[in-house]
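Predicted, not measured: the structure shown is a model, and the values here were computed from it. Counting convention: from 1, in listed order, for ligands and their atoms alike. Along the sequence shown, the residues carry numbers beginning at 1.
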Amino acid sequence: MEYSDLIKTRKSRRAFKPKPLTEQQLNSIVEAANLAPSAGNLQSYSFYLVKDKNTKEKLAGAAFGQGFIAEAQAVFVFFAKAPLSAKKYGERGKLYATIDAAVSAAYAQLAAENLGLGTVWVGAFDEEKVKELLGDDGQPVCILPVGYPNENPEKHPRQNRLRKTV
Ligand SMILES: Cc1cc2nc3c(=O)[nH]c(=O)nc-3n(C[C@H](O)[C@H](O)[C@H](O)COP(=O)(O)O)c2cc1C
């Protein structure tokens, strides 16, 4: 899909078909997530690909019962690894690590969309539960369920956030 169409048509999907995803599709999303820019190219983030049903259900529980997480065929989880970035950039490095994880998740989201798959960025969850589930001591930033969409919601309008050109 053309990039300009991709960003205009993408919307969050919160219902997924039980149709499996191919390794090729998943690899393409992983590749995009790894291609994201990061502060100083330190890549101060980690991510996980969850396919296991039981773990997906636990993630849905950690996300306060957002059941569509368990419904998705694949679930990516992105963590900020602040110590990596803070070693070079100090206090501001902690912010950079969060941004690194978020940019990587955004790349993954657009890559999935480009494959005709649906996603939704999930940011509401119990951090400690997600950390424990995946055994990562970073800060979880985003849970990204991916699958064939089983709903077609209205697009949410946007305001123009540009305040001025100087
Ligand atoms: C940081 C962040 C956290 C979010 N958390 C959730 C969430 O926990 N659950 C959910 O259903 N959607 C969540 N969303 C998705 C937004 O609700 C959605 O992107 C927004 O309403 C715009 O709709 P659109 O993605 O269809 O354009 C989150 C999005 C972002 C960027």
Next item on the list: Report the C-alpha separation of Leu144 and Val122 in whole Å, then their side-chain angles, then the decisive distance to 0.1 Å, and conclude whether the side-chain contact (heavy atoms from CB on, under 4.5 Å) test is met.
Entry: CA-CA 6 Å; Leu144 192 72; Val122 174; over 6 Å; no
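By the ring pair (Phe, Tyr, Trp, His ring centres under 6.0 Å) test, Phe78 is found to be paired with Phe47, residues two or more places apart in sequence or in another chain being considered. Residues satisfying the side chain to side chain donor-acceptor pair (under 3.5 Å) test with Asn160, not counting sequence neighbours, are none.
Applying side chain to side chain contact (heavy atoms under 4.5 Å, CB included) to Arg13 and the options Asn150, Asn152, Val120 leaves one that passes, Asn152.
Sequence neighbours left out, the pairs with a member in residues 95-141 that pass ring pair (Phe, Tyr, Trp, His ring centres under 6.0 Å) are Tyr89-Tyr96.
Taking a heavy-atom cut-off of under 4.0 Å, ligand 1 is surrounded by Arg10, Lys11, Ser12, Arg14, Gln66, Phe68, Val120, Trp121, Val122, Gly123, Ala124, His156, Arg158.
Counted within 6.0 Å of NZ on Lys155, heavy atoms from surrounding residues, nucleotides or ligands total more than 12; the atom is thus considered enclosed.
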